[in-house]
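First comes the structure, then the notes that go with it.
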There are 2 protein chains.
Amino acid sequence: MHNSSAPLIGKKYTVRCSACRVRGWGLCEPIHDDELDVVERFKAGDKVLEAGQDLFREGEPSRELYTVLEGWMFLYKLLEDGRRQIAKIVLPGDFVGFQPDLEALLDHSAQALTDVRLCVFPRDNFLELNRAHPELAIRLTCLVAHDVEMSRDRLTSVGRRSARERVAHFLLGLFYRVRLRHQEPRGASIPMPLTQEHIGDALGLTSVHVNRTLRNLRDEGLIEIANRRLHILDPDRLADAAGFDEDSLGRT
Amino acid sequence: MHNSSAPLIGKKYTVRCSACRVRGWGLCEPIHDDELDVVERFKAGDKVLEAGQDLFREGEPSRELYTVLEGWMFLYKLLEDGRRQIAKIVLPGDFVGFQPDLEALLDHSAQALTDVRLCVFPRDNFLELNRAHPELAIRLTCLVAHDVEMSRDRLTSVGRRSARERVAHFLLGLFYRVRLRHQEPRGASIPMPLTQEHIGDALGLTSVHVNRTLRNLRDEGLIEIANRRLHILDPDRLADAAGFDEDSLGRT
DNA sequence: CGTATCATTGACGTCGGTCAATTCGTGTGG
DNA sequence: CCACACGAATTGACCGACGTCAATGATACG
């Protein structure tokens, strides 16, 4: 199991903030270049995870906070009997692990979809750092507030849209989100490390029904999934199928 | 239409922060008593809304931020064809209207369930206020982060729980949330201004199915709804029906 | 009283779930 | 290079939870 590009496992260096791949996206975006060393001194190092591994699990105490540098993850919750809800697909630049009470136990889990490299912040004194750097605090608030928006969007899909609309909406949203973030070639396709089961667990569907829905969309020439990549063949008609609201494409 | 207690409409005075009913709950909780006048000078006044009125609507520019002082509201999103998803039940002490980009258009609407009194903050310079008061900024972050938790909880319900589990979970969660907040008599009942349609729109169900589900729970002696009040008759068995996770009762 | 809103209930339909078999794809060992 | 293993994708047959439609009550309010 490894990323599409170069494997991460084994590379043991620590990313310098000044050369950080997500300099423009992560928590540190509003931090002045010449203040960056304050954050860098605070940073506890990098962490590398293989695809399929959990970064943390619901019920554990929170020890660290993370910015994803490379690779994809997802956040999820489990019910007692094993039913799973995936709450968020995490892309490079996303900040994970924050919760209202940093002393409390974690209320959700996080798992790597691909091999992943993370920037690690110690939990202790994290609020101090924010107090000392109001810009950081405000940026954090905005990141979290954006999570609320995405989460309510998803809730609206799962609560009120048909399976077809949900899948179309999800794929299109993911597509735009990835395209905004990756400086990658601007083709009409993105990497697709999610299985149909992942998609189902994100949308409140079974993988079987996701499969049928994807086949419909494929048969109609709207999308294509091959080689672990998602191709958007007809964005307009896909947006129709999604009942997509173009406004909701803010800075994700 | 009016609140269970005294009607709000017509009372035109402005609540003093020092006598604020939600002093211990709202955004200002961490603000020192002797600093409170800074916030008070920032406050733009009170606003009163009748039950059923919208405070703001999706797509409008954001002008103000609010703390609910009295009464209940809900946040919701509409699809083009009118389907509605209720994202949050808003109680006194809750802060509403914040979004990642304060310049952007609102991505959701807010409506009063009962008559409501709000504390109004101007949107402009709100971030300045936060910059000047790091405690406020951090408190805001925590409030927003708590919204994420609640939203993901709801998502998990809607995505992965049966109608029965959803309804039981929702009622129990609301019950605890209200009880934590109101200094009210600690009986086993709370006010219930929500219609069955509201409950359905919050849980991704139709009002008809909510009705049937409520009847089941009532027939089994778990709950009772009468006189616009919800009575929890058997919290333990209701928690069973919900597959309720007792951990998730943090400081809501 | 008349009207409006909400709750309730029955008959019936369907979207999406369940179960299970088959195929595909990719990585592994011989 | 081939045989095999294992997870994921695919497909069909069937089913049931929840939605739709529509009628009837119950309450509240002007």
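Here is the naming used below: chain letters follow the sequence lines, and residue numbers restart at 1 for every chain. Computation of the quantities below employed the complete heavy-atom set of this structure, encompassing side-chain atoms and omitting hydrogens, waters and symmetry-equivalent molecules. Predicted model only: the values in this text are computed from it and were never measured.
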When the distance from [atom1] of [X] to [atom2] of [N] is rounded to whole Å, what number comes out?
X: B:L214; N: C:dT9; atom1: CG; atom2: P; value: 11 Å
X: A:R228; N: C:dT26; atom1: CZ; atom2: P; value: 9 Å
X: B:Q196; N: C:dA7; atom1: CD; atom2: C1'; value: 5 Å
X: A:H209; N: D:dC15; atom1: NE2; atom2: C1'; value: 14 Å
X: A:R215; N: D:dT10; atom1: CZ; atom2: P; value: 9 Å
X: A:E197; N: D:dA8; atom1: CD; atom2: C1'; value: 9 Å
X: A:L205; N: D:dA17; atom1: CG; atom2: P; value: 18 Å
X: B:N211; N: C:dT8; atom1: CG; atom2: P; value: 5 Å

Side chain to side chain contact (heavy atoms under 4.5 Å, CB included) between A:W72 and A:V178: does it pass, once the steps are laid out? CA-CA 10 Å; A:W72 291 25; A:V178 171; 3.5 Å; yes
Could you tell me whether B:E220 and B:R164 have a side-chain N and a carboxylate O separated by less than 4.0 Å? yes
Do A:R212 and D:dG12 have a side chain to base donor-acceptor pair shorter than 3.5 Å? yes
Base, sugar-phosphate, or nothing: which does [X] touch, judged by heavy atoms less than 4.0 Å apart?
X: A:R218; result: sugar-phosphate
X: A:S162; result: sugar-phosphate
X: A:G204; result: sugar-phosphate

So, using salt bridge (Lys or Arg N to Asp or Glu O under 4.0 Å) as the criterion, who are the partners of A:E165 when residues are at least two apart? B:R83
Mutual orientation of the aromatic rings belonging to B:F56 and B:H108 [parallel < 30°, tilted 30-60°, perpendicular > 60°]: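 Rings of B:F56 and B:H108: perpendicular, over 60°.
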How do B:V208 and B:H198 order along DNA chain C: which one's closest nucleotide is nearer the 5' end? B:H198
